[in-house]
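Only a predicted model underlies this, so the values are computations on that prediction, with no experimental measurement involved.
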Amino acid sequence: MNRIAHLLEQRGASLDPGEPCPPHWANLARMLASRYPVFDGIRPRLGYTEPFAAESPQERQLCETLAQSGFLTRERQSYYRRSDDSRKVRFLTGGWLEHLAALALEEAGAEAALPSTVLYWKVDEYDGKNEVDVIARRGNRLIFVSCKCLRAAFDDSQNGAARLRTKLMQYVLEADDLADHFGRPGDAVVLVVTTDLIDEINGDRSRYPALFGKARALDVELISLEHLSWGRLLARMKALLGERS
């Protein structure tokens, strides 16, 4: 962490590393990634503390796992989110993806990976802050990661697709802004989203080619739902860091 903070200080930014997740949450983060389409079904209901019912055997199994881990409470046939631990609330509502990305970067060869960071900066008479979901380091190279929890299925309806495309493109541009502001030659920027962007049935075609084209043009590594399983995510991070599998 100290080396990351030092590199950022040279770029006019100070680092608030945030509070790391307990190590035993790692398996839970990997499980949520591998079963994200099921988790996505209950995710909107986790924004509230009212009880909700699992709507399928798969949801019930996932809710039972979360209850056994202390993230949900079961009340007869219903579940509700525990609100007495802000770290658990944040983990369920998106922190798990940041934790997952940091774990994968460290396993892939990064010397440090910090989730849930805040950067404070000052340029001339202007100052501000940026939340950066993960900052990792390999040597003197920094990797900035933006994580976005979205619906798993790509919305093919006319209005839904337009809104989603706009949102996804904005996220690519926001990730690129991190490189413009804090990056240096050799650094990397990654955008991780939980939406299915590859149509495997139709020859692995991109569901949004312009997004992948823009990401490539801006040198933003785009990782979507298809590569969130642990093995695939680890392979992507190793390639990013120049490691051989």
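Atom CG in Leu178 sits 13.0 Å away from atom CD1 in Ile143 (nearest 0.5 Å). In this structure, CG in Asp176 is found 9.0 Å from CG in Asp219, a value given to the nearest 0.5 Å. Thr65 OG1 to Leu32 CG: the interatomic distance, rounded to the nearest 0.5 Å, is 9.0 Å. Considering NE2 of His227 and CG of Leu222, their distance stands at 10.5 Å, rounded to 0.5 Å. The distance from the CG atom of Leu173 to the CG atom of Leu218 is 6.5 Å, given to the nearest 0.5 Å. Atoms CG and CZ, on Leu197 and Phe154 in that order, are 6.5 Å from each other to the nearest 0.5 Å.
Between Leu191 and Val193, the closest side-chain pair of non-hydrogen atoms falls below 4.5 Å. In this structure, Ile223 and Leu233 have side chains that are in contact, with non-hydrogen atoms separated by less than 4.5 Å. Residues Lys122 and Ser14 fail the side-chain proximity criterion, which asks for heavy atoms closer than 4.5 Å. Looking only at side-chain heavy atoms (C-beta outward), Trp230 and Leu100 come within less than 4.5 Å of each other. Between Met31 and Arg35 the shortest side-chain heavy-atom distance falls below 4.5 Å. A 4.5 Å side-chain heavy-atom check between Arg184 and Leu142 finds every atom pair outside the cut-off. Within the 4.5 Å cutoff, the side chain of Ile42 has heavy atoms near those of the Leu62 side chain. Side-chain atoms of Lys214 and Leu211, non-hydrogen and from C-beta on, never get closer than 4.5 Å to each other.
Cation-pi geometry between Lys129 and Tyr120 is not met at under 6.0 angstrom from the ring centre and within 45 degrees of the axis.
Using a cut-off of 4.0 Å between Lys/Arg side-chain N and Asp/Glu carboxylate O, Arg90 and Glu98 are scored as salt-bridged. Note on Glu111 versus Arg3: no salt bridge recorded, every NZ/NE/NH1/NH2 to OD/OE distance being 4.0 Å or above.
Between Val220 and Ala175, the shortest heavy-atom distance links the atoms CG1-CB, 4.1 Å. In terms of heavy-atom proximity, Thr93 sits nearest to Leu46 at CG2-O, 4.4 Å. Taking both residues in full, the closest heavy atoms of Pro37 and Leu225 are given as CG-CD2, 4.4 Å, listed atom of the first, atom of the second, then distance. Across every non-hydrogen atom of Ala110 and Leu241, the tightest pair is N-CD1, 3.5 Å. Across every non-hydrogen atom of Asp199 and Arg207, the tightest pair is CA-NH2, 3.6 Å. Taking every heavy atom of both residues into account, Cys147 and Asp133 meet most closely at N-OD2, 2.6 Å.
For Arg216, the CZ atom counts as loosely surrounded, since its 6.0 Å shell holds 12 or fewer non-hydrogen atoms of other residues, nucleotides or ligands. Within 6.0 Å of CD in Glu226 there are more than 12 heavy atoms belonging to other residues, nucleotides or ligands. Atom CD of Gln77 sits in a sparse spot, with 12 or fewer heavy atoms from other residues, nucleotides or ligands closer than 6.0 Å. Counted within 6.0 Å of CG on Asp16, heavy atoms from surrounding residues, nucleotides or ligands total more than 12; the atom is thus considered enclosed.
Although no hydrogens or angles enter the test, the distance criterion places a donor-acceptor pair under 3.5 Å between the side chain of Thr195 and the main chain of Arg151. Between the Arg137 side chain and the Gly139 main chain, a donor and an acceptor come within less than 3.5 Å of each other. Arg205 places no side-chain N or O within donor-acceptor distance of the main-chain N or O of Ile201, the cut-off being under 3.5 Å. Lys88 places a side-chain N or O within donor-acceptor distance of the main-chain N or O of Gly70, the cut-off being under 3.5 Å. Here the side chain of Asp40 pairs a donor or acceptor atom with the backbone of Ala152 at under 3.5 angstrom. Under a 3.5 Å cut-off, the side chain of Glu106 and the backbone N or O of Ala112 do not form any donor-acceptor pair. Remark: the backbone N or O of Ser34 is not paired with any side-chain donor or acceptor of Ser229 at under 3.5 angstrom. Judged by distance alone, with hydrogens and angles left aside, the side-chain atoms of Thr117 form no donor-acceptor pair with the main-chain N or O of Leu114 at under 3.5 Å. Proximity of a side-chain donor or acceptor of Ser78 to a complementary backbone N or O of Arg74 within less than 3.5 Å is not detected. Looking only at distances, a side-chain donor or acceptor of Arg11 sits under 3.5 Å from a matching main-chain atom of Phe182.
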Inset, instruction - Apply the test side chain to side chain contact (heavy atoms under 4.5 Å, CB included) to residues Asp177 and Asn130: give CA-CA distance (whole Å), side-chain angles for both, the deciding distance (0.1 Å), then the verdict. - result: CA-CA 10 Å; Asp177 285 344; Asn130 287 75; over 6 Å; no
Inset, instruction - Kindly indicate, with the supporting measurements, whether the criterion side chain to side chain contact (heavy atoms under 4.5 Å, CB included) is fulfilled by Val192 and Val134. - result: CA-CA 11 Å; Val192 182; Val134 182; over 6 Å; no
Inset, instruction - Could you go through the side chain to side chain contact (heavy atoms under 4.5 Å, CB included) check for Tyr208 and Leu164 one step at a time? - result: CA-CA 10 Å; Tyr208 187 7; Leu164 181 58; over 6 Å; no
Inset, instruction - Apply side chain to side chain contact (heavy atoms under 4.5 Å, CB included) to Phe39 and Trp96, showing your working. - result: CA-CA 12 Å; Phe39 180 55; Trp96 67 272; 3.7 Å; yes
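Ring-plane geometry between Phe71 and Phe91 is classed as tilted, the angle between the planes lying from 30 to 60 degrees on a 0 to 90 degree scale.
For Tyr79 and Arg45, the side-chain atoms include no donor-acceptor pair closer than 3.5 Å.
No continuous path of ILVMFWY side-chain contacts below 4.5 Å connects Val89 to Leu72, so the two sit in separate hydrophobic clusters. At a threshold of 4.5 Å between side-chain heavy atoms, the hydrophobic network of Ile, Leu, Val, Met, Phe, Trp and Tyr places Tyr126 and Val118 in two separate groups.
Taking the six-membered ring where the residue is Trp, the centroids of Trp121 and His181 are separated by under 6.0 Å.
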